[in-house]
**Student:** 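Before I ask anything, here is the structure I am working with.
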Amino acid sequence: MQYNHLEIEKKWQKFWAENQTFKASNESEKPKYYVLDMFPYPSGAGLHVGHPLGYIASDIYARYKRHKGFNVLHPQGYDSFGLPAEQYAIQTGQHPAKTTEANITTYRKQLDQIGFSFDWSREVRTSNPEYYKWTQWIFIQLFNSWYNKDSDKAEDISTLEKIFKTAGNTTVNAVCDEDIKSFSADEWKAFSKTEQEEVLLQYRLTFLSDTEVNWCPALGTVLANDEIVNGVSERGGHPVVRKKMTQWSMRISAYAQRLLDGLEKIDWPQPLKDSQTNWIGRSQGAMVTFKVANGSEKNSSEVKLSYKELEDLKELRLNLSKAETTLWDELKNKKGAAKFRKKYTIGTFRVDYVCLAKHLIVEFSGKEDEVARTEFFNNEGFNVIRFTNEEVLQNVVKVVSEINAAIQFPKKIEKTVEKEVVLKDEKSYKIDVFTTRPDTIFGVSFMTLAPEHELVSKITTDAQKAEVEAYIKATAKRSERDRMADVKTISGAFTGAYAIHPFSGDKIQIWIGDYVLANYGTGAVMAVPCGDQRDYDFAKHFNIPIPNIFEGVDISEAAHTDKDGTVIANSDFLSGLKYKKALKLAIFEMEKRGFGYGKINYRLRDAVFSRQRYWGEPFPVYYKDGMPQMIDEKYLPIVLPEVEKYLPTEDGKPPLGNATEWAWDSRNKKVVSNEKLKNKTVYPLELNTMPGWAGSSYYFNRYMDPSNENEIASKENLDYWKEIDLYIGGSEHATGHLLYARFWQKFLFDKGIVPVDEFAKKLINQGMILGTSAFVYREEGTNTFISKGLVEGKKVQPIHADVSLVNASDELDVEAFKNHPLNQDYKNAEFILENGVYKVGREVEKMSKSKYNVVNPDDIVEQYGADSLRLFEMFLGPLEQAKPWKTSGISGVSSFLKKLWKLYFNGDHFEVSDAEATKDELKVLHKTIKKVEEDIENFSFNTSVSTFMIAVNELTALKCNKRAILEPLAILVSPYAPHIAEELWSLLGHKESISTADFPKFEAKHLVESAKNYPISFNGKMRFTLELPLDLSKDEIEAAVMSHEKTIAQLEGRTPKKVIIVPGKIVNIVG
RNA sequence: GCUCAAGUGGCGGAAUUGGUAGACGCGCUGGAUUCAAAAUCCAGUUUUUUCGGAAGUGCGGGUUCGAUUCCCGCCUUGAGUACCA
């Protein structure tokens, strides 16, 4: 019987579908394993051979795990909302749901042909209302949550309202908008409902705000930063402009630190982790406030501590008493801004602990001058609480909770006269800057503000007004693109105003320059020209002094940007200190003197969540008095309405503005016609839709219980499947999908909805499969094509030829080329051959239609079979690497399958022997089991295909047809080539599918050898081999080797200096 | 610029607790089978050579009895990111 892949593959695909062979059970005695591919978007173009690579790898792993006794969850579905379907709808008027459905059908057919073991009963589609009901539900949960930095997690908004009611917002330690106004509990209660909602919106994890967005007029939508490439839209390459719009945003910044920390406990590729780390962009430094000079400065009368005194303090901090240590251990573990310092100096007093941010001093009682201390501290604006040693040692938790209470509900301190003076001073302008190098603060010789900075217009002097305004006008004109392309030109303008250096009191110039970005940090920098190259260039260009604050460093040519080993000089109390010490001491002093504090900054920006698109999830939101209201989750899903046209409305509203049934009847709880908006209880619904990443940020949880109508997934199922054990997909999702999904998972974890805060334990990025393009060479200005070997010295123009017209030996089918519909111009062309054939040139390029190098898997499956395709995709090279596809290579794996098949046949009929296997046969089998098992565990699929080939070659040479060998061999091969394995398995007499057959057990005893073919090296170079028994001692080996004639010949009479013998491995003779 | 990854035959690639470099496959060469072709099978295929050997894993050093593997410096290619204070 001939191996007929077409028949066999169809038969087993049907069998699997009819018997639901790969349906996963939510209850099982077996350990669970969850393998998932990244959510595919069903595009209309169909698959090319690059697409299934990751699916094949994950399928092999899933099948392997089933053989290993795991209950495997391996689902598949579609991320079916998205731009291409909508663009197509705009062009053709076809409903995107319809084209999406058609695309999915094609996609599914292609997948089924390759023999994947997906559990299709769990399929989800993001565009199904039953699915996006839960997307909307999560949105509501985010809206109803705020981030409490003290507990370091998301909490229900009601806990925040409670605090507002009792204490106002001054003690709240939350992640929120920047320009928050403070209010007391009484003020809160006096707010109108709308005012209260406005305030809460500034704290919610998803919120409405006027954001400067990347507006793409051509697409009629807003793009996220990662959807823009080189200043134009990633999709379509349209220009993008900045524009202010009211948008929904997600407060992902609240999770910046946890997203960073979480990377340490997941097994993801380092480059992927690096790019997330990069994207989050944590930088540690200090916020420093510079006052703008107003002419009436006087020197500060701060008490400065000498370096010696500071060292003494440090000593004290290291030698704490037992009670002191106990309390400190509790205090320092407190998270968030309520950061305590120990043994700190306030005025002339030394206090035990102080929280500068909350103006709270904690002391042990029993100090002699308690009354005087309290009075002084209160005058300085500090509250004081005291505990005895015993209180701390007996119940430190109680003490800490009292401290917490004191932080949250501070006693009002009577303001002293001195404070009034300070308040008066505050009327002058201040510039906040963030710096990662507070140690270089004495090197500041000017400040630079972004041209857009709000203070610019206020501080610019009349004399400089014209110049500054001209500069601002010029920068505004420059497009983002220009500014990006041109980083070399130095430009700026002097405002005429001066700032006061907070330490030295010196006046320093304030400039504006477009190298400072308005939307990063505070939009202002303290320029340290000697330590920062951009500041240096700016100073040089405008002749601003460049003070040197580094010991023994030459800065005449360039700034000194190294930190390590640098010693600070000319810097008052920082002089003589190394980078790290200076940095700490600088922050310490700033905090003490009250014009700065240590701070961690993140580059990660809140994510815009609105899209002006039709084909996406509608928001469960309506507007009452201009304030957004969530629709109760009972009434979800809010189904996407029908529209006439998928374009924005004529007055510039998003496409949902075209819907006629798009208003919320708050009394009857349903979507009604817009005509009813006149009614008092009917409100307009949100017109934006959600972005592409909404539906894909939690789908992996939904697969655990995909048809549950009451919950995202039942608690039992979530607890059973927990997280993805193996996630495979492309690296292009590094900072999009994979960051947002981690954010949502952490949020759902905080709310107790999911049991783990990282959704994928291990992740692999599969490499891209590239195309091998073929080129023909046309002599310039003629219609003559010259074969590759003859082009040298001639002026030729390379032209892409369709790869299907070229054979494995790079020979072009000239007639087919001439008759190809795309080559009408070359119908009568002349071809100059070499040795009777036309040879093409080859080059590796991205697989793309325009390069005529796309290979369709359907054709491969038709000609060679799915098993060959699966084997060959794996055989190409390591999964993670990019590698070129060359169809000719597939004949190797194809003939392997034929050889495998032949082992089970004697001529035309199936025949296996029940005789006992020989030693050699067992050795081949167990060698193979060992290697294949290791390879799969290490995701080294390419090498296991080689191993199969070696095994089949060896068993063929041994003429092996023993059941004892061939039965386990079928199981070994089955994850890779499941169709042929199932067929052989059933021929071997089995009635059940091979998919859950136990993986063969490796037994080391079959690999034990009695002799070793030793490599004999001279000075490390192998010269010949010598077969010796393995039980020889070192001395016996040496004797045998040294007396060998080839050794004597090699040595040419010299006496070896040394003989290295590693028994069972190698012999090396030195000399 | 910065960060990361990778450089091994004509091609895809294999080999790392440091121990026989080039497994396996493609392609190529020769042979068998065939009227012929396809398919199949057998042998060879890093370079060089005076046929004894010798050299060789991007380049230059180092550690070691021994380095594709470890360390230092450089070159090239690819990916990500970019006026981030």
Side-chain angles (χ1 to χ4, degrees), chain A residues 226 269-279 281-283 285 433-437 440 447-448 450 483-484 486-490 513-517 519-528 531-535 537-538 601-603 731-732 734-735 765 767-768 772 807-810 842 844 871-872 875-878 880-896 898-899 902 940 942-950 953 956 1012-1025 1049-1050 1056-1062 1064-1071:
Chain A
D226 42 323
Q270 197 56 42
L272 197 159
K273 288 189 186 181
D274 288 345
S275 69
Q276 291 212 347
T277 306
N278 220 314
W279 199 258
R282 181 187 203 266
S283 51
V433 298
F434 177 73
T435 175
T436 54
R437 297 290 305 273
T440 63
M447 303 194 73
T448 317
R483 274 172 79 164
M484 252 193 258
D486 176 23
V487 296
K488 285 269 140 59
T489 314
I490 297 159
D514 68 2
Y515 80 98
V516 177
L517 305 176
N519 52 7
Y520 181 75
T522 59
V525 300
M526 58 173 228
V528 184
D532 181 287
Q533 195 55 46
R534 290 175 320 246
D535 295 342
D537 295 340
F538 195 87
N601 228 25
Y602 299 92
R603 195 177 72 117
S731 55
E732 67 273 19
T735 50
N765 285 135
M768 213 191 315
T772 310
N807 72 7
S809 310
D810 294 347
R842 292 288 203 171
V844 173
L871 282 167
F872 187 52
F875 187 63
L876 282 178
E880 304 90 329
Q881 253 169 52
K883 56 239 158 197
W885 175 277
K886 229 177 148 183
T887 304
S888 57
I890 204 170
S891 62
V893 292
S894 172
S895 59
F896 156 74
K898 284 181 203 156
K899 280 191 228 168
K902 273 191 193 160
S940 175
N942 54 329
T943 51
S944 41
V945 178
S946 304
T947 307
F948 290 137
M949 290 175 172
I950 294 167
N953 288 347
T956 305
K1012 160 87 187 168
N1013 196 20
Y1014 277 95
I1016 313 298
S1017 319
F1018 292 81
N1019 298 318
K1021 297 239 177 270
M1022 202 279 289
R1023 291 310 178 211
F1024 63 92
T1025 58
Q1050 272 291 332
K1057 278 191 206 139
K1058 210 173 174 184
V1059 179
I1060 312 272
I1061 293 165
V1062 184
K1065 281 226 160 139
I1066 197 176
V1067 177
N1068 189 19
I1069 300 165
V1070 188

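Model, not experiment: these values are computed from the prediction. Below, read A as the first sequence line, B as the second, and so on, with proteins coming before strands; counting in each chain starts at 1.
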**Student:** When we call it a touch if two heavy atoms are under 4.0 Å apart, what does A/T1025 touch: a base, just sugar-phosphate, or nothing?
**Tutor:** base
**Student:** At less than 3.5 Å, do the side-chain atoms of A/D274 and the base atoms of B/C4 form a donor-acceptor pair?
**Tutor:** no
**Student:** Output the single nucleotide from B/C65, B/A85, B/G25 whose closest atom is nearest the side chain of A/M949.
**Tutor:** B/G25
**Student:** Mind checking the CD1-CD spacing from A/I1069 to A/Q1050? Nearest 0.5 Å is all I need.
**Tutor:** 8.5 Å
**Student:** For the side chain of A/V525, starting at C-beta, report the closest nucleotide among B/C26, B/A85, B/G12.
**Tutor:** B/A85
**Student:** B/G1 pairs with which nucleotide, Watson-Crick or G-U wobble, both distances below 3.5 Å?
**Tutor:** B/U81
**Student:** Can you tell me how far the OG1 atom of A/T735 sits from the CD atom of A/E732, to the nearest 0.5 Å?
**Tutor:** 10.5 Å
**Student:** Contact class for A/A882 vs. all strands (heavy atom < 4.0 Å): base, sugar-phosphate, or nothing?
**Tutor:** sugar-phosphate
**Student:** Hey, does the side chain of A/N953 come within less than 4.0 Å of B/G25's phosphate (OP1/OP2), counting only N and O?
**Tutor:** yes
**Student:** Which nucleotide, in any strand shown, forms a Watson-Crick or G-U wobble pair with B/U40, with both distances under 3.5 Å?
**Tutor:** B/A32
**Student:** Looking at A/D810, is its backbone amide N or carbonyl O close enough to the side chain of A/N807 to form a donor-acceptor pair, meaning the two atoms are under 3.5 Å apart?
**Tutor:** yes
**Student:** Remember a base hit wins even if backbone is also touched, and classify A/T947 as base, sugar-phosphate or nothing at under 4.0 Å, heavy atoms.
**Tutor:** nothing
**Student:** In whole Å, what is the span from the CH2 atom of A/W279 to the P atom of B/C4?
**Tutor:** 19 Å
**Student:** Side chain of A/K1058: nearest nucleotide among B/C65, B/U40, B/C26?
**Tutor:** B/C65
**Student:** On RNA chain B, does the nearest nucleotide to A/G523 precede the nearest nucleotide to A/N1068 from the 5' side, or the other way round? Give the residue.
**Tutor:** A/N1068
**Student:** For A/N942 and B/A14, is the shortest distance between a side-chain N/O and OP1 or OP2 below 4.0 Å?
**Tutor:** yes
**Student:** Have a look at A/K899 and say if it touches a base, only the backbone sugar-phosphate, or nothing, with a 4.0 Å heavy-atom cut-off.
**Tutor:** sugar-phosphate
**Student:** Under a 3.5 Å cut-off for both distances, is B/U64 Watson-Crick or wobble paired, and to whom?
**Tutor:** none
**Student:** Closest to the A/Y515 side chain: B/C83, B/A14, B/G25?
**Tutor:** B/C83
**Student:** Working to the nearest 0.5 Å, report the span between OH of A/Y1014 and OG1 of A/T1025.
**Tutor:** 12.5 Å
**Student:** When you get a sec, tell me which of B/U20, B/G13, B/U17 is the closest nucleotide to the side chain of A/M1022?
**Tutor:** B/U20
**Student:** Pairing check on B/U47: which nucleotide meets the Watson-Crick or G-U wobble criteria with it, both distances under 3.5 Å?
**Tutor:** B/A54
**Student:** Take A/G521 and A/T943, find for each the nucleotide of RNA chain B with the closest heavy atom, and name the residue whose nucleotide sits nearer the 5' end.
**Tutor:** A/T943
**Student:** Rounded to the nearest 0.5 Å, what's the gap from CG on A/D514 to CD1 on A/I490? Could you check?
**Tutor:** 11.0 Å
**Student:** Kindly point out which of B/A85, B/C26, B/U40 is positioned nearest to the side chain of A/S283?
**Tutor:** B/A85
**Student:** Is the base of B/G62 syn or anti, if syn means a glycosidic angle within 90° of 0?
**Tutor:** anti
**Student:** Which distance, rounded to the nearest 0.5 Å, do you find between the OG of A/S283 and the CZ of A/R603?
**Tutor:** 10.0 Å
**Student:** Could you tell me how far B/A43 sits from B/A55 if I compare only their P atoms? Round to whole Å.
**Tutor:** 31 Å
**Student:** Watson-Crick or G-U wobble partner for B/U17, using a 3.5 Å limit on both distances?
**Tutor:** none
**Student:** Could you tell me how far B/U77 sits from B/C59 if I compare only their C1' atoms? Round to whole Å.
**Tutor:** 15 Å
**Student:** Decide, for B/G73, between syn and anti: a glycosidic angle within 90° of 0 counts as syn, anything else as anti.
**Tutor:** anti
**Student:** Separation of A/R1023 atom CZ from B/G19 atom P, in whole Å?
**Tutor:** 18 Å
**Student:** For A/R842, report the nucleic acid contact type (base, sugar-phosphate, nothing); a contact means any heavy atom under 4.0 Å.
**Tutor:** nothing
**Student:** Using a 4.0 Å heavy-atom cut-off across all strands, classify A/T277 as base, sugar-phosphate, or nothing.
**Tutor:** nothing
**Student:** Which whole number of Å gives the distance between the P atom of B/A67 and that of B/G62?
**Tutor:** 12 Å
**Student:** To the nearest 0.5 Å, what is the distance between CZ on A/F1024 and CD1 on A/I1016?
**Tutor:** 5.0 Å
**Student:** Quote, to the nearest angstrom, the C1' distance that separates B/A54 from B/G73.
**Tutor:** 30 Å
**Student:** Nearest to the side chain of A/F875, which nucleotide is it out of B/G12, B/U81, B/C4?
**Tutor:** B/G12
**Student:** Which value, in whole Å, describes the distance between the C1' atoms of nucleotides B/U17 and B/C2?
**Tutor:** 34 Å
**Student:** Hey, can you tell me if A/F948 and A/F896 have their rings parallel, tilted or perpendicular (30° and 60° cut-offs)?
**Tutor:** parallel
**Student:** Heavy atoms from C-beta onward define the side chain here; which of B/U81, B/G12, B/A39 lies closest to that of A/N278?
**Tutor:** B/U81
**Student:** Heavy atoms from C-beta onward define the side chain here; which of B/U81, B/G12, B/C4 lies closest to that of A/L876?
**Tutor:** B/G12
**Student:** Whom does B/G7 pair with, Watson-Crick or G-U wobble, provided both distances fall under 3.5 Å?
**Tutor:** B/C75
**Student:** Could you give the distance separating B/U3 and B/C72 at their P atoms, to the nearest angstrom?
**Tutor:** 15 Å
**Student:** Looking only at side-chain atoms of A/L517, point me to the closest of B/A54, B/G25, B/C83.
**Tutor:** B/C83
**Student:** If I pick the P atom on B/G58 and the same atom on B/A21, what distance separates them, to the nearest angstrom?
**Tutor:** 16 Å
**Student:** Can you measure A/Q881 atom CD to B/G13 atom P for me and round it to whole angstrom units?
**Tutor:** 6 Å
**Student:** How far apart are the C-alpha atoms of A/K883 and A/V844, what are their side-chain angles, what is the distance that settles it, and do they pass the side chain to side chain contact (heavy atoms under 4.5 Å, CB included) test?
**Tutor:** CA-CA 9 Å; A/K883 56 239 158 197; A/V844 173; over 6 Å; no
**Student:** Can you measure A/R603 atom CZ to B/C2 atom C1' for me and round it to whole angstrom units?
**Tutor:** 12 Å
**Student:** What interatomic distance, in whole Å, is found between C1' of B/U33 and the corresponding atom of B/C41?
**Tutor:** 8 Å
